[in-house]
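Here is the structure we will look at.
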There are 2 protein chains.
Amino acid sequence: MTQIIRVGIVGYGNLGRGVEKAIKQNPDFELKAVFSRRDPSSVSSEAKAVHMSDLDSYKDEIDVLILCGGSATDLPEQVPALAGKFHTVDSFDTHANIPAFYDSVDAAAREGGKVSVISTGWDPGLFSLSRLIAESILPEGNEYTFWGKGVSQGHSDAIRRVNGVKNGVQYTIPREEAVNRVRSGENPELSTREKHLRECYIVLEEGADQKAIEREIQEMPNYFADYDTVVHFISEEELKQNHSAMPHGGTVLRSGITGDNNKQIIEFGLTLDSNPEFTASVLVAYARAAYRLGQAGDQGAKTVFDIPYGLLSPKSPEQLRKELL
Amino acid sequence: MTQIIRVGIVGYGNLGRGVEKAIKQNPDFELKAVFSRRDPSSVSSEAKAVHMSDLDSYKDEIDVLILCGGSATDLPEQVPALAGKFHTVDSFDTHANIPAFYDSVDAAAREGGKVSVISTGWDPGLFSLSRLIAESILPEGNEYTFWGKGVSQGHSDAIRRVNGVKNGVQYTIPREEAVNRVRSGENPELSTREKHLRECYIVLEEGADQKAIEREIQEMPNYFADYDTVVHFISEEELKQNHSAMPHGGTVLRSGITGDNNKQIIEFGLTLDSNPEFTASVLVAYARAAYRLGQAGDQGAKTVFDIPYGLLSPKSPEQLRKELL
């Protein structure tokens, strides 16, 4: 029987709740406590809720902390502060800041002799792994990532900041035609506009100017100006009923050439009903790896690139070779 | 600049020729020699051809041997015999015999202080990795593997052994309808017949009985009896012109559930114009990993499950974090 891995969740938003659910699907894990900056009595977790300020007193009761805060302000502060005290796993996803984040977490983790798996989930995470192995196998080729269909939190926030918008959700949609051109081995040059569509569902404030708001969204630099954007105006009830789920997914394709111009296509895709629950499930699998690396005496920051797949499974190496190879 | 990895190829069939081509696409490799049981003067390689019996004299000139023989008789004999002398990589693919093969290679490699990466390629190999990570992330779910469209060597051999058949090629074809049912998250129970079709292109001997041969193929136990099999009779010229390529590919899907019954689908797919060239490209990437593990002082048999993706790429860990994560 494998050792039970004792886990703490830090942050109890959609992702933290997803981790709580994922742990129930993995009998080699035990959830010890949920840590939050909120008053513990207001946290609706099934597991014991504890104020963040008491985290240190759980050092001997928790093997791995799963950090479920946001990448903008929570994780850059929390992970380096905690990585010296606990093995940690996070989903830090600000791609441009990963190298600096890695360095600061690595220093803290090494000082405490702990393992910190950073930036896991699906992008960064599974998509990154796909890009790496595909490029290593097919060095002559092109890589294409399509995201969606799914809700983009950043773009939804952007439309909600527009004056006169009461509420709204934005979907990123890959263009089927572009995906199929890549799948055919055509190796196309694709503009931003050709790869993705954007679709917005908006609830207006009383008396807002529909035409003006549609134009403001469609012309918003960085977020929408480079895309074809469709804007729908709907009622608050309709938004709640049809657009509360958090689906997402996407496809990473590499189209390459070997030998005498033979086309070779590698494709990895996700179709997710719940983006946060899936990311949470990835975090839990990597928490298992973090624990095992720690048990083996390893330390420092790790990314998905540093971790053999065998460590993600509760099965033994013998069982994996027999059943899955 | 990365170190140049000096390689020897053992066996010069389709796979060995594929490795020779793949090495040209990877500037951190140098092909030292091709080893064959045939008279070296009859081997058409660009690199120096050497008789197998002279292999030992290359111990100091070669870092990694890439073994390109067959799984039936070549690899079970060659890999344990060579794993103590060189780092090796192979594509041993008799799934049921992998555990015993692992043990014998592991013992030999440890005795010589070398690293042997066994059973890589795409199945076993990339497909196995997909199954492992998908099952680790979505423990509640089902796995589906579809092969093709592609030429099955085993089934092509089987039809060529039928009396009255002069030549023939067999394609394994996944049923689109079954793939789409899985993609939709339906989690179907699929029979063998529902998952794949088989299609044969046959050249008859002079005077052979077409009807009888068609029936014999369709009723052949293990190979065809459990499938719907379509048999086409064509001329030798048509076979040569239209059925000499070796395309293959397939799809590994996992359809799982998280939280409150949210469907999550993970899909990995390959569409290959040339099966041997692609397998060869995977072998070369894992040869890089074998070399690096050896340089780091590791030893013994390894499978794809034991090897972090970072070791497959010529890029440094810093570069990978910056560019691909």
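In what follows, every chain begins at residue 1, and chains take the letters A, B, ... in the order their sequences are listed. Remember, it's a predicted structure, so these values are computed and weren't measured experimentally. The analysis underlying the following values was restricted to heavy atoms, covering all of them including side chains, and did not include hydrogens, waters or symmetry mates.
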What are the two closest non-hydrogen atoms of [X] and [Y], and how far apart are they?
X	Y	value
B/Ala96	B/Pro99	O-CD, 3.7 Å
B/Ala280	B/Val19	CB-N, 3.3 Å
B/Leu320	B/Lys315	CD2-CB, 3.7 Å

Measure from the side-chain N and O atoms of [X] to the backbone N and O of [Y], and report whether any donor-acceptor pair falls under 3.5 Å.
X	Y	result
A/Asp273	A/Pro247	no
B/Glu277	B/Ala22	no
B/Ser184	B/Arg181	yes

May I ask you to test the [X]-[Y] pair for a side-chain heavy-atom distance under 4.5 Å?
X	Y	value
A/Val182	A/Thr251	no
B/Phe278	B/Leu126	yes
A/Asn275	A/Val151	no
A/Pro76	A/Asn97	no
A/Arg131	A/Asp123	yes

Inter-chain contacts: residues 138-149 of chain A against chain B, heavy atoms under 4.5 Å
A/Leu138, A/Pro139, A/Glu140
Which of residues 299-307 of chain A have a heavy atom under 4.5 Å from any heavy atom of chain B?
A/Thr303, A/Val304, A/Phe305, A/Asp306, A/Ile307
Most contacts with chain A, counted as non-hydrogen pairs under 4.5 angstrom, among [options]:
options	answer
B/Ser313, B/Ser274, B/Ala285	B/Ser274
B/Pro317, B/Ser128, B/Gly310, B/Pro308	B/Pro308
B/Leu324, B/Leu325, B/Thr271	B/Leu325
B/His95, B/Lys322, B/Glu135	B/Glu135
B/Asn26, B/Asp93, B/Ile98, B/Leu272	B/Leu272
B/Leu311, B/Leu132, B/Val282, B/Leu270	B/Leu132

Aromatic rings B/Phe92 and B/Phe101: how do their planes relate, parallel, tilted or perpendicular, breaks at 30° and 60°?
parallel
Which label fits B/Tyr309 and A/Tyr309: parallel for a plane angle under 30°, tilted from 30 to 60°, or perpendicular past 60°?
parallel
Would you say that more than 12 heavy atoms from the other residues, nucleotides or ligands in this model lie under 6.0 Å from the CD of B/Glu186, or not?
yes
Does NZ in B/Lys263 sit with more than 12 non-hydrogen atoms of other residues, nucleotides or ligands closer than 6.0 Å?
no
Please classify the contact between [X] and chain A as side chain, backbone, both or neither, with a heavy-atom cut-off of under 4.5 Å.
X	result
B/Leu283	neither
B/Phe127	neither
B/Glu20	neither
B/Val284	neither

Taking heavy atoms only and a threshold strictly under 4.5 Å, list by residue number the residues of residues 252-261 of chain B that touch chain A; give 'none' if the list is empty.
B/Ile257, B/Thr258, B/Gly259, B/Asp260
Can you name the residues that form a salt bridge (Lys or Arg N to Asp or Glu O under 4.0 Å) with A/Arg17, not counting sequence neighbours?
none
Would you call B/Asp103 and A/Arg321 a salt bridge, using N to O less than 4.0 angstrom?
no
Residue, of A/Lys24, A/Lys21, A/Glu267, A/Arg183, that accumulates the most heavy atom pairs under 4.5 Å with chain B:
A/Glu267
When you look at A/Tyr102 and B/Glu318, which way does the side-chain hydrogen bond (donor to acceptor under 3.5 Å, both in side chains) test go after all the steps?
CA-CA 10 Å; A/Tyr102 175 91; B/Glu318 293 74 23; over 6 Å; no
